A.B. asks: 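Handing you a structure now.
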Amino acid sequence: MQSNAALEYDYSVAKLFTYTTILFGFLGMLIGTLIAAQLAFPELNYLLGEYGTFSRLRPLHTNIVIFGFTLSGVFATFYYSAQRVLKVSMAESKFIMFIGKFHFWLYFVGALLGVISLLLGYTQSKEYAQFEWPIDIVIVLVWVLWGVAMFALIGIRREKALYISIWYYIACFLGIAMLYLFNNMSVPTYFASGGLGNILHSVSMYSGTNDALVQWWYGHNAVAFGFTVPIVAMIYYFLPKESGQAIYSYKLSLLSFWGLMFVYLWAGSHHLLWSTVPDWMQTMGSVFSVVLILPSWGSAINMLLTMKGEWNQLTENPLIKFMVLASTFYMLSTLEGPIQAIKSVNAIAHFTDWIPGHVHDGVLGWVVFMIMAALFHMAPRMFKREIYSKKLLEAQFWLQTTAVVLYFTSMWIAGITQGMMWRAVDEYGNLMYSFIDTVTVLHPYYAIRALSGVMYLTGFLMFAYNMYKTMTSSRELTEEPQFRSPMA
Amino acid sequence: MDIRELQGYASFFMTIFLVVMLYWYIVYLYRSEKKGDKDYEKLGNIALDDEIDSKPIDTSSVTPREKKEQDK
Ligand code: HEM
């Protein structure tokens, strides 16, 4: 391969997505912290008129962290690592470069439109699928562009075998494509009615229980294919690469992949336990949720065993610390979820704060930790400078770890207290508490969550600053580090 | 039997079928390694040795593109 001597991987698209990961991460978590504070101190609802109310900001928070932050992270790490494991540079094909850049810009415009439309109150009122139909169309185009870039890269690869991370990225692509299309099927009322009402408004093509089923088949699998599958893709590349240790068992990674694909899609009905969906479907949701522990832990244990014999790296390299903690939190939340899906537990947990508690030990401990670690690993290679500060990285790690623990423990206590109080009856069968009684009891826990938000957000700002300094003023590297990322 | 019940049975048997497939896959993975057709564990090195000019790890067959480059 003499002719490739001067060839290098091209990180221009990965860099662009890195910037948006940081931007949307900050925005999303800022709003998250604000709404957490609003739940504790309701006066904060009135800071910005209609634009600052909890109901307006909550969907903004979820959509920015999911479609802004997480997806940017997925795209950034994809455009970085896919080239490497396929051993092909984007620069080798003008077409792929063009698609990659077009993908980014269309995504960015779409994301901005999405943020603005939600802020103005345009919504389909389906959780995580709030965007109205014109924005859905942009999202579909963005997704198709990603698919084109992905399969074009795969098409010109030098490494024949597709590394396990690529399998997971492909699954993310196919899974979200299917879910998003089906759940967002809707009729724009303006056209259907011959010109009445707002042009942006639409209604779902499904109704009643069917609508709920499609919605939670989507909602749960958005977690699967947005928060799990591509993050597993990341850890399968970045942990081995950073530690210099190949995956403990490649066969186990393949098996857990198919296990995850097979089981996840059936678990969504656990969001609808005790509701009007057929009983067998609820039972199936519960059973599959419990079985889901197996493939999830299969991946997580595989990651931990990858560090076998090299645990000293955990104390020496903060990036390993981030990734090991991420896989540990992955184990925690994939054990907690199945517990919540057991019907009797769900009778207490449903509609309580335990659910956001569960969501956030997953996203803060697993998703965000893994994405930050991946970007830190990529930075010295993309910008050819060492990571600006190890001390800052360590401080950030402890601050954010404490914040996650405060978040989920406070929500565990709040959620279970709430669930028990709602159900408590006296000897005559009358409810013992009114709603406001629960609110009074929960106030301290909401305040703790708001505090944890401030801490986590501060940690994210430390990450952003460290990245900024790494890009601009850190010591330059003369050659690319092979495994461990250099840091000052 | 109404459609609901039918759906329930269909889901049950499909599950059984997929479980069998999954277990069969484990057997398949170990068998093909034993027979020497595949070396899965070697593929873990794709993440470690990922320079653009390093040799592909999977040598069991060549991609069309490699063939073109070799033919040159
Ligand atoms: C500073 C960090 C964060 C804080 C303080 C925060 C706070 C909150 C709050 C207060 C809610 C509403 C809970 C309720 O309605 O009772 C919420 C919901 C949610 N957040 Fe966050 N959040 C943060 C980061 C994130 C991140 C990074 C993600 C994802 C990557 C995320 C994903 C979600 C999701 C999916 C929900 C909806 C949960 C549900 O419907 O049960 N959050 N967050």
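Owing to the predicted nature of the structure, the values given are computational and were not obtained by experimental measurement. Chain letters run A, B, ... following the sequence lines, proteins first, then strands; residues in each count from 1.
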A.B. asks: Do B:Lys38 and B:Glu33 sit within salt-bridge range, that is, some charged N less than 4.0 Å from a carboxylate O?
C.D. replies: no
A.B. asks: Go through the atoms of A:Trp280 and report whether side chain, backbone, both or neither lie under 4.5 Å from a heavy atom of chain B.
C.D. replies: side chain
A.B. asks: Whether A:Lys241 and B:Asp50 form a salt bridge (side-chain N of Lys/Arg under 4.0 Å from carboxylate O of Asp/Glu) is what I want to check.
C.D. replies: yes
A.B. asks: Tell me whether A:Arg84 is salt-bridged to B:Asp49, with the criterion being a basic N under 4.0 Å from an acidic carboxylate O.
C.D. replies: no
A.B. asks: Would you check if the distance from the ring center of A:Tyr11 to the ring center of A:Tyr79 is below 6.0 Å?
C.D. replies: no
A.B. asks: So, does A:Gln245 use its side chain to make a donor-acceptor pair with the main chain of A:Met307 at under 3.5 Å?
C.D. replies: no
A.B. asks: Counting only non-hydrogen atoms closer than 4.5 Å, does A:Ser253 touch chain B with its backbone (N, CA, C, O), its side chain (CB onward), both, or neither?
C.D. replies: neither
A.B. asks: Whether A:Glu479 and A:Lys384 form a salt bridge (side-chain N of Lys/Arg under 4.0 Å from carboxylate O of Asp/Glu) is what I want to check.
C.D. replies: no
A.B. asks: Is A:Lys251 salt-bridged to B:Glu41, going by a charged N under 4.0 Å from an acidic O?
C.D. replies: yes
A.B. asks: What part of A:Tyr248 gets within 4.5 angstrom of chain B, counting heavy atoms only: side chain, backbone, both, or neither?
C.D. replies: backbone
A.B. asks: For A:Leu254, is it the side chain, the backbone, both, or neither that has a heavy atom closer than 4.5 Å to a heavy atom of chain B?
C.D. replies: both
A.B. asks: Could you look at A:Met284 and say if it's the side chain, the backbone, both or neither that has a heavy atom under 4.5 Å from chain B?
C.D. replies: side chain
A.B. asks: Please look at A:Pro278 and chain B and tell me whether the side chain, the backbone, both or neither of the residue comes under 4.5 angstrom of a heavy atom of that chain.
C.D. replies: side chain
A.B. asks: Does any heavy atom of chain A fall under 4.5 Å from the side chain of B:Ser11, the backbone, both, or neither of them?
C.D. replies: side chain
A.B. asks: Taking side chain as everything from C-beta outward and backbone as N, CA, C, O, which of these in B:Lys42 sits under 4.5 Å from a heavy atom of chain A? Side chain, backbone, both or neither.
C.D. replies: neither
A.B. asks: If you count heavy-atom pairs within less than 4.5 Å of chain A, which of B:Leu43, B:Ile26, B:Asn45, B:Val19 leads?
C.D. replies: B:Leu43
A.B. asks: Count the heavy-atom pairs under 4.5 Å between each of A:Trp258, A:Phe288, A:Phe262, A:Phe483 and chain B, then report the option with the highest count.
C.D. replies: A:Phe262
A.B. asks: Measure B:Glu51 against the heavy atoms of chain A and call it side chain, backbone, both or neither at under 4.5 Å.
C.D. replies: both
A.B. asks: Would you tell me whether A:Asn317 and A:Glu242 have side-chain atoms, one donor and one acceptor, within less than 3.5 Å of each other?
C.D. replies: yes
A.B. asks: Is A:Glu480 close to chain B through its backbone or its side chain, or both, or neither, when contacts mean heavy atoms under 4.5 Å?
C.D. replies: side chain
